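Remarks on the structure that follows.
Throughout, a chain's letter reflects where its sequence line sits, starting with A, and its residues are numbered from 1. Computed from a predicted structure; not experimentally measured.
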Number of protein chains: 2
Amino acid sequence: MSKSSELTGGPTPEPTFATTREVRDTCLCLFVQRTARALARRFDAALRPLDLTNGQFSLLMSLNRPQPPALGEVAELLAMDRTTLTANLKPLERRGLVAVERGRDDRRRRHLRLTAAGHALLGEAVPIWRREHAALEDLLSGGEAARLRAELVALS
Amino acid sequence: MSKSSELTGGPTPEPTFATTREVRDTCLCLFVQRTARALARRFDAALRPLDLTNGQFSLLMSLNRPQPPALGEVAELLAMDRTTLTANLKPLERRGLVAVERGRDDRRRRHLRLTAAGHALLGEAVPIWRREHAALEDLLSGGEAARLRAELVALS
DNA sequence: GTGCATTATATTGATATCAACGTATTTGCA
DNA sequence: TGCAAATACGTTGATATCAATATAATGCAC
């Protein structure tokens with residue numbers, strides 16, 4: 001059936017150019033990474049006047065809630081490694097946008113609280129996000145955005 | 001109409017929790033970054049026996065073609081900054097998987113060539129990619145993968 | 001063929017990402 | 001109670017990402 005033995009488990013053959021085209025044209029991981037880079041650049045550029053990256057914006061936004069969440073909860077919400085979140089917090093702490101405080105009940109936990117400055121900066125970022133996101137949705141036809149979100153969540 | 005003045009351009013109000021929910025539930029950039037992290041972890045784990053990351057796999061694969069492409073072409077194909085690609089090449093060059101050679105016609109160009117070792121390693125990676133990617137497509141219903149790819153490209 | 005804009009790439013500095021490993025605290029069980 | 005497993009988090013080292021800036025080669029106008 002197949003001219004290739006790539007599936008037989010024998011001595012691995014070297015991939016043909018046809019295999020490369022197949023991977024390049026179908027690999028969902030590659031497609032998502034590519035779009036992730038493009039969107040990151042786009043939102044980074046839009047938020048540059050506030051000296052915020054897209055990731056910092058999403059992180060600050062996830063902290064804007066009645067009760068300061070623990071680090072682990074936020075990491076899970078962002079589908080991010082805990083240690084990555086620890087690293088990402090450092091520049092925000094330095095700038096006084098986020099404060100970290102030990103849990104009173106459970107002293108292992110570290111709760112992340114948005115400071116007044118962080119809250120205010122987030123307020124400036126929201127209109128930028130609205131503008132940029134509206135432009136983004138214009139690239140998709142009606143209803144596609146919702147479907148895209150559902151598909152992305154299915155892969156997460 | 002709107003109880004919020006976030007769109008009026010006046011003194012920026014601080015974002016409400018409702019705004020946070022809106023961003024969290026709709027931001028395509030956030031959704032894509034989240035899925036990008038999850039898929040990267042997944043393919044990184046699958047390729048770990050070969051000591052390859054998902055990005056290194058995609059990069060090696062993009063070099064598997066008749067004529068060695070120039071750095072800039074590859075960067076555009078991967079929607080990646082040129083300087084990022086320069087950095088990503090270093091570990092692959094160290095391991096002897098990729099060779100960089102100056103263009104003969106245009107000596108500014110640097111052509112990226114897969115070595116025999118790189119080609120062989122890529123051969124070992126293909127079955128792993130096939131297995132992992134098949135598992136991934138199972139998470140989506142029929143035809144969704146193609147639609148997802150098209151939507152991701154529209155945003156790139 | 002000179003000179004200048006353009007093109008292709010490298011370097012530096014900052015943040016982002018995760019695995020491997022280590023520490024402190026809590027929980028549950030004997 | 002005492003102690004081991006589980007939980008929450010940090011640190012280190014490696015790669016990934018991009019903006020800003022610099023260098024070198026090409027090409028074009030004149």
Atom [atom1] of [X] to atom [atom2] of [N]: distance rounded to whole Å?
X        : N      : atom1 : atom2 : result
A:Arg34  : D:dA16 : CZ    : P     : 17 Å
B:Glu93  : D:dA14 : CD    : C1'   : 17 Å
B:Arg82  : C:dT7  : CZ    : P     : 10 Å
B:Asp51  : D:dA14 : CG    : C1'   : 11 Å
B:Leu92  : D:dA16 : CG    : P     : 7 Å
B:Leu71  : C:dT7  : CG    : P     : 17 Å
B:Leu112 : C:dT9  : CG    : P     : 8 Å
B:Leu89  : C:dT11 : CG    : C1'   : 15 Å

If only atom types and distance count, is the side chain of [X] paired as donor or acceptor with the main-chain N or O of [Y] below 3.5 Å?
X       : Y        : result
A:Arg34 : B:Leu77  : yes
A:Arg24 : A:Thr19  : no
A:Thr35 : B:Leu152 : yes

(message) Across nucleotides 17-29 of chain D, 5' to 3', mark each nucleotide with B, S or - according to how protein heavy atoms within less than 4.0 Å reach it.
(response) BBBB----BS---

(request) Could you work out which one of C:dA10, C:dA8, D:dA8 sits closest to the side chain of B:Arg109? (result) C:dA8

(request) Please work out if A:Gly55 contacts a base, only the sugar-phosphate, or nothing of the nucleic acid, heavy-atom cut-off 4.0 Å. (result) nothing

(request) Could you name each residue pair satisfying side chain to side chain donor-acceptor pair (under 3.5 Å) that touches residues 87-99 of chain A, not counting sequence neighbours? (result) none

All N/O pairs under 3.5 Å across the protein-nucleotides 2-4 of chain C interface:
none

(request) Decide, yes or no, whether a salt bridge links A:Glu137 with A:Arg149 under the criterion of side-chain N to carboxylate O below 4.0 Å. (result) yes

(message) If you assign A:His111 and B:Thr53 each to the DNA chain D nucleotide with the nearest heavy atom, which residue ends up on the more 5' nucleotide?
(response) A:His111

(message) Taking the nucleotide of DNA chain D with the nearest heavy atom to each, does A:Glu73 or B:Arg94 sit closer to the 5' end?
(response) A:Glu73

Check: residues 96-104 of chain B side-chain donor-acceptor pairs under 3.5 Å, at least two apart:
unit_1	atom_1	unit_2	atom_2	d
B:Glu101	OE1	B:Arg113	NE	3.1
B:Glu101	OE1	B:Arg113	NH2	3.4
B:Arg102	NH1	B:Arg107	O	2.7

(request) Report the residues that fulfil ring-ring contact (aromatic ring centres under 6.0 Å, His included) with B:His133, sequence neighbours left out, ordered by chain and then residue number. (result) B:Trp129

(request) Determine whether B:Leu136 and B:Leu39 make a side-chain contact, defined as any pair of heavy atoms from C-beta on separated by less than 4.5 Å. (result) yes

(request) Please identify each residue that fulfils side chain to side chain donor-acceptor pair (under 3.5 Å) with A:Glu76, with sequence neighbours left out. (result) none

(message) Using OP1 and OP2 only, check whether a side-chain N or O of B:Arg110 sits under 4.0 Å from C:dA10.
(response) yes

